[in-house]
Amino acid sequence: MPFASSSSRPRFLRRAPDSDEESESSSSYSGEDDFEEDFPEEVVAEEERKEDTADEVAPGNRKRPPPITISLKKVCKVCKEAGHEAGFKGATYIDCPRKPCFLCKMPGHTTMSCPHRIAMEHGVIPAPVRNTNTALDYIFNRQLKAKIPKIKPVFVVPDQVDCGLIRFHSRRVTCLEFHPTKSNILLSGDKKGQIGIWNYNKQHERTIYGSIHSCIVNNIKFLPGNDAMLYTSSSDGTVSCTDVETGTTTLLLDLNPDGWNGAAAWKMLYGMDVNIEKGVLLVADNFGYLHSVDVRSNVQTGEPILIHKKRSKVVGLHCNPVQPDLLLSCGNDHFARIWDARRLDIESCLASLAHRRVVNSAYFSPMTGNKIMTTSQDNRIRVWDSIFGNLEYPSREIVHSHDFSRHLTPFRAEWDPKDTSESLAVIGRYISENYDGVALHPIDFIDTSTGKLVAEVIDTDVTTISPVNKLHPQDYLMASGSSRSVLIWKTRQEDWQTKKGQERNPKQFIFRTEKKSNGKNDSDSDGDSDIGCKGKQYKAKKRQGHFTKGDSKKS
DNA sequence: AAGAAATGCTCCC
DNA sequence: TGGGAGCCCTTTCT
């Protein structure tokens, strides 16, 4: 830095007793001389500036670049106060002690010492038990309880990467869907509006449709009985129907027919689901309204209906798998709501499930449709065990790190569609864990009936966060979207729980696509297939053959 | 290799 | 009731 030549050598240049390489790099600077001559006095240490500013600023209003301040004091980058530091130390993140716990959001402790982090049951908050003795309880006990399996099956967790397309998309992945009939086909949507189609058993059978949407694809859905067409909703305000084979697209709904009239007027479509009985596609927008499209005539039916707070985003819609007229919605007004689709108006809401923050997703359980699971930005997964019971409070709240970050696709806990006990859920984790010196973000499998963490799935090739995860409806595999990449995970073996330490099978392939900016093809050049940037230590460990997945993690 | 950008929700007035 | 500042574990590119 130019201060090196200024007449009075500032005292901060002296190497502090515990300082490291920072002052070295300062003095080695050989910057521009002009700058140095013109503004030598601008560069001052923080403490000195406080004393001198009055004299310096007063004479004239000479146009000057903003003063550069340099301090070697330890300053927390989170709360900006001195005396402590927060951030990564190696692969371990040190919390700012002045902020509430990053996991459970309660003050008085940090993430490391959070009781929910070390709890056996992964931080379940039991809800009060209420015996309401209503007619609904009677119906539940009489008609439904017997159908719920008593013995819990062994959970099967897809725990190792089988194959993947690194940087398949040009922006982060926002949604995933398996093809309903053609085995091995994965559909993926991204933030840019592109839709990827990939046969994950064949590395090179993949396509990107780039002109269906102009921004975030929020949903990809197939209609029962029609495996040729995919339906997509997007933040460009449209619903489209696309032929999987040809890519030809029909526009079904456009909420911005007059184009751009400013951000305040732009409508976006988030939640989407199909009411099979009625043959309608339901979509919800960022103004609190529900729209429906008849899928036989491909025209909009009825008027939009306000189902959440006006001008708030409705991010999720789900039709009950057993009773399609039962609709579940959720959104930015901190509520999840149950509706009778035959009578939709804001007064006829069957139940409003309150949350402390934005609700990212709300799903009925996949088989009986009798449970509800929601993911909220207050770092809690909530489960209601029976939609016929008392819905005032959830049956359980499971503390889990899936915070909001504007740079990430919102996390959504999803049911395992193959689990007959309707208790296994999958969700990506936001905060990292130090796995043998490498910070990784696992994909968590949670038994929602107990809150127990069944498995935390990692792969050393995946250093980025995986917010989008989809379990296959029939096969024991999972697709995940992590940054711009898509991956397929399979189970190591049937009884994976008992043979944890066994050797991994080699991956089929991880195909790394070209960097798009300069056209330089760096694939296969170095053999590294990291998809994140925290790779330094990881690469070093990998070269030494140091890293095995069975290793215990540090904590 | 440090820095900037992208950009959604909350809080506060 | 709304506009604007501010923001804790990102990821990518320069």
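Throughout, a chain's letter reflects where its sequence line sits, starting with A, and its residues are numbered from 1.
For Arg357(A) against dC9(B), a side-chain-to-base donor-acceptor contact under 3.5 Å is absent.
Among the atoms of the strands shown, base atoms are found under 4.0 Å from some heavy atom of Pro100(A). Among the atoms of the strands shown, none is found under 4.0 Å from any heavy atom of Lys77(A). Within 4.0 Å of Ile431(A), counting heavy atoms only, lies at least one base atom of the nucleic acid. Note on Asp403(A): nothing from the nucleic acid sits closer than 4.0 angstrom, heavy atoms only.
Taking for each of Lys191(A) and Val358(A) the nucleotide of DNA chain B with the nearest heavy atom, the 5'-most of the two is the partner of Lys191(A).
His334(A) has a side-chain polar atom (N or O) that falls below the 4.0 Å cut-off from OP1 or OP2 of dT10(B). In this model, the phosphate group of dC9(B) is approached by a side-chain N or O of Lys313(A) to a distance below 4.0 Å at OP1 or OP2. At the phosphate of dC13(C), OP1 or OP2 sits under 4.0 Å from a side-chain N or O atom of Arg484(A). In this model, the phosphate group of dT12(C) is approached by a side-chain N or O of Ser483(A) to a distance below 4.0 Å at OP1 or OP2.
Of the N and O atoms on the side chains of Asp378(A) and His355(A), not one donor lies less than 3.5 Å from an acceptor on the other residue.
Distance from the side chain of Asn332(A) is smallest to dC9(B) among dC9(B), dT12(C), dC9(C).
Just one residue in the list Ile220(A), Leu187(A), Asn219(A) forms a side-chain contact (heavy atoms from CB on, under 4.5 Å) with Thr232(A), and that residue is Ile220(A).
Side chains of Leu290(A) and Leu327(A) form a contact here, defined as non-hydrogen atoms less than 4.5 Å apart.
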